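Step one of this worksheet: look at the structure below.
All values reported here derive from a predicted model rather than from experimental measurement. Positions are given from 1, in the same order as the sequence printed here.
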Amino acid sequence: TTSPLNAADPGEAPIVALVSGIDRRAPTNRGHSRRVSLLCRMLAEALGLPATQVRRAELAGLVPAVGTVALPSRILRKPGPLTRQEYAQVRRHPQIGCRLLRGWLGMRSVLGAVRHHHERWDGLGYPKGLRGDRIPRLARIVAIADAYDAMVSDRPYRAALSHEQAFAELRRGRGTHFDPEMVPVFLGLDFRAFEALRREDKAREELRAVRVSLSSEALQALERVSARRDEVELLRRDLVPGAQSAYEAATIGFENGKFSFLEVLDAQRTYFSAKSQYLSALAAFHRAQTELESLLGQASADPATPSSRE
């Protein structure tokens, strides 16, 4: 699926970058914005909304979490329950998101969805406690799509629910948490495009993890190359010349009667041992270099891949 925003458009590029940055802040949230945007578009189409409203729903689904940029990473990544103070911070993100997006003309039509996507049908949501039809329609669409994707995705504080478990939660929240007329329509959607996007996001995340691992391995390989280079240089500069000089001096001394034959043999063995050490270290250096080049090549390759806590 393509994004409803154009990264090449100077007016939209900052929002694209902001959304991408938010997804990267919490590893388990990667791809969340794109998937919610897709679900919002699918639901809006199934509800029979006009093309302009479908486009707005798709756009609204991409940006509801923008306000989480103001949240500390420790909250987004926290594996346990939030404290009361932390939850109070989380509850402010819809209004923060509105303030961030207000300056973009193309975003004004979705500000209501961003502000109110955590309202509940029964009036127990936030930030305003709106009830029923007083909640903007786009916000009601986003609420369902956002909740579903969050439920079927891993989070720091719980494992992902199955498709069936998420459906059961949506049915349970029908008329209390969610618009009672929208929930059945959502449950009747064809989720094949959504699942394809999830597979793509998973593949991208696995590739990213491999590249991070390769980067770590490459750093270790670089350290090995450096250590081997230092060893080769030490042997080349000091040990081998010293042993060679000692062997030559012993040979001359033997000819002059100052060294015994055994002393010459001992100096020769020391020299040959130093040379052997040097050649072994040189071979190890070249192996380390080859390993590093291979890892860097893998990390820079661009293999083909399939096209929040709130």
(request) Give the cluster check for L187 versus L49: same hydrophobic cluster or not, with ILVMFWY residues linked at side-chain heavy-atom distances below 4.5 Å. (result) yes
(request) Measure up the Y247 and Y271 rings against each other and bin them: parallel (under 30°), tilted (30 to 60°), perpendicular (over 60°). (result) parallel
(request) Verify the ring-centre separation between F194 and Y148: is it less than 6.0 angstrom? (result) yes
(message) So that I can tick it off, tell me whether E86 and K78 are bridged by a salt bridge, with the cut-off set at under 4.0 angstrom between side-chain N and carboxylate O.
(response) yes
(message) Please report the interatomic distance CG(L265) to OG1(T270), rounded to the nearest 0.5 Å.
(response) 10.5 Å
(message) When you compare the side chain of W121 with that of T176, does any pair of heavy atoms fall below 4.5 Å?
(response) no
(message) Could you measure the distance from the NE2 atom of H177 to the CD1 atom of I144? Nearest 0.5 Å is fine.
(response) 9.5 Å
(message) My understanding is that only one of D149, L43, L197 makes a side chain to side chain contact (heavy atoms under 4.5 Å, CB included) with L38; could you say which?
(response) L197
(request) Treating Ile, Leu, Val, Met, Phe, Trp and Tyr as nodes and any side-chain heavy-atom pair under 4.5 angstrom as an edge, say whether I252 and F272 lie in one connected cluster. (result) no
(message) Show the nearest heavy-atom pair for residues A166 and V152, with the distance to one decimal.
(response) CB-CG1, 3.7 Å
(request) For R198 and R35, run side chain to side chain contact (heavy atoms under 4.5 Å, CB included): C-alpha distance rounded to whole Å, both residues' side-chain angles, the deciding distance at 0.1 Å, then the answer. (result) CA-CA 7 Å; R198 286 185 73 193; R35 295 192 299 270; 3.5 Å; yes
(message) With rounding to the nearest 0.5 angstrom, report the CD to OG1 distance, Q268 to T251.
(response) 7.5 Å
(request) Answer whether the closest heavy-atom distance between the side chains of V63 and V114 falls below 4.5 Å. (result) yes
(request) Apply the test side chain to side chain contact (heavy atoms under 4.5 Å, CB included) to residues C98 and R115: give CA-CA distance (whole Å), side-chain angles for both, the deciding distance (0.1 Å), then the verdict. (result) CA-CA 6 Å; C98 278; R115 182 182 293 111; 3.3 Å; yes
(request) Report the residue from R91, H93, H116 that forms a side chain to side chain contact (heavy atoms under 4.5 Å, CB included) with P127. (result) H116
(request) Quick one: pull up NZ in K275 and OH in Y278 and give me the separation to the nearest 0.5 Å. (result) 10.0 Å
(request) Taking S280 for its side chain and Q277 for its backbone only, find out whether a donor-acceptor pair lies under 3.5 Å. (result) no
(request) Please examine the side chains of R174 and M182, heavy atoms only from C-beta on, and report whether any two atoms are closer than 4.5 Å. (result) no
(request) Examine distances only and state if a side-chain atom of S37 and a backbone atom of L59 form a donor-acceptor pair shorter than 3.5 Å. (result) no
(request) Decide yes or no on side chain to side chain contact (heavy atoms under 4.5 Å, CB included) for E119 and K128, but give the supporting numbers first. (result) CA-CA 7 Å; E119 303 287 0; K128 297 294 184 181; 3.5 Å; yes
(request) Output all residues satisfying salt bridge (Lys or Arg N to Asp or Glu O under 4.0 Å) with R140, sequence neighbours left out; order by chain, then residue number. (result) D133, D179
(message) What I'd like to find out is whether the side chain of D266 reaches to under 4.5 Å of the side chain of L262, using heavy atoms alone.
(response) no
(message) Please determine whether residues L189 and V36 belong to a single hydrophobic cluster, defined as Ile, Leu, Val, Met, Phe, Trp and Tyr linked transitively by side-chain heavy-atom distances below 4.5 Å.
(response) no
(request) Could I get the full list of salt bridge (Lys or Arg N to Asp or Glu O under 4.0 Å) partners for R172, not counting sequence neighbours? (result) E169
(message) Is there a continuous path of hydrophobic side-chain contacts, each under 4.5 Å between heavy atoms, that joins Y87 to L76?
(response) yes
(request) Evaluate the side-chain proximity of R155 to S153: yes if any heavy-atom separation is below 4.5 Å, no if none is. (result) yes
(request) Might you point out which heavy atoms bring A57 and A44 nearest each other, and give the distance in Å? (result) CB-CB, 3.7 Å
(message) Whether E195 and R192 form a salt bridge (side-chain N of Lys/Arg under 4.0 Å from carboxylate O of Asp/Glu) is what I want to check.
(response) no
(message) Suppose we call two aromatic rings close when their centres sit under 6.0 Å apart. Are F254 and F259 close by that rule?
(response) no
(request) Answer yes or no: is there a side-chain heavy-atom contact under 4.5 Å between H117 and I135? (result) no
(message) Could you measure the distance from the CD1 atom of I75 to the CD atom of Q85? Nearest 0.5 Å is fine.
(response) 10.0 Å
(message) Can you confirm whether V110 sits close enough to P64 that some side-chain heavy atom of one is under 4.5 Å from a side-chain heavy atom of the other?
(response) no
(request) Any chance you could measure L47, atom CG, to I141, atom CD1, to the nearest 0.5 Å? (result) 5.5 Å
(request) Look only at the side chain of Q244 and the backbone of P241, and say whether a donor-acceptor pair between them is shorter than 3.5 Å. (result) no
(message) Regarding R34 and E200, does a basic nitrogen lie under 4.0 Å from an acidic carboxylate oxygen?
(response) yes
(message) So which atom in L100 and which in G67 form the shortest heavy-atom distance, rounded to 0.1 Å?
(response) CD1-CA, 4.4 Å
(request) Locate the shortest heavy-atom distance separating H118 from P94; write the atom from each residue and the value. (result) CD2-CG, 4.1 Å
(request) Is it possible for you to say whether W104 and L62 belong to one hydrophobic cluster, with membership spreading through side-chain heavy-atom contacts below 4.5 Å? (result) yes
(request) Mind listing the closest non-hydrogen atom pair of D122 and R120 along with its distance? (result) OD2-NH2, 2.7 Å
(message) Checking the side chain of T68 only, and the main-chain atoms of L71 only, is there a donor and an acceptor separated by less than 3.5 Å?
(response) no
(request) Give the minimum heavy-atom separation between H32 and A150, together with the two atoms involved. (result) CE1-N, 4.2 Å
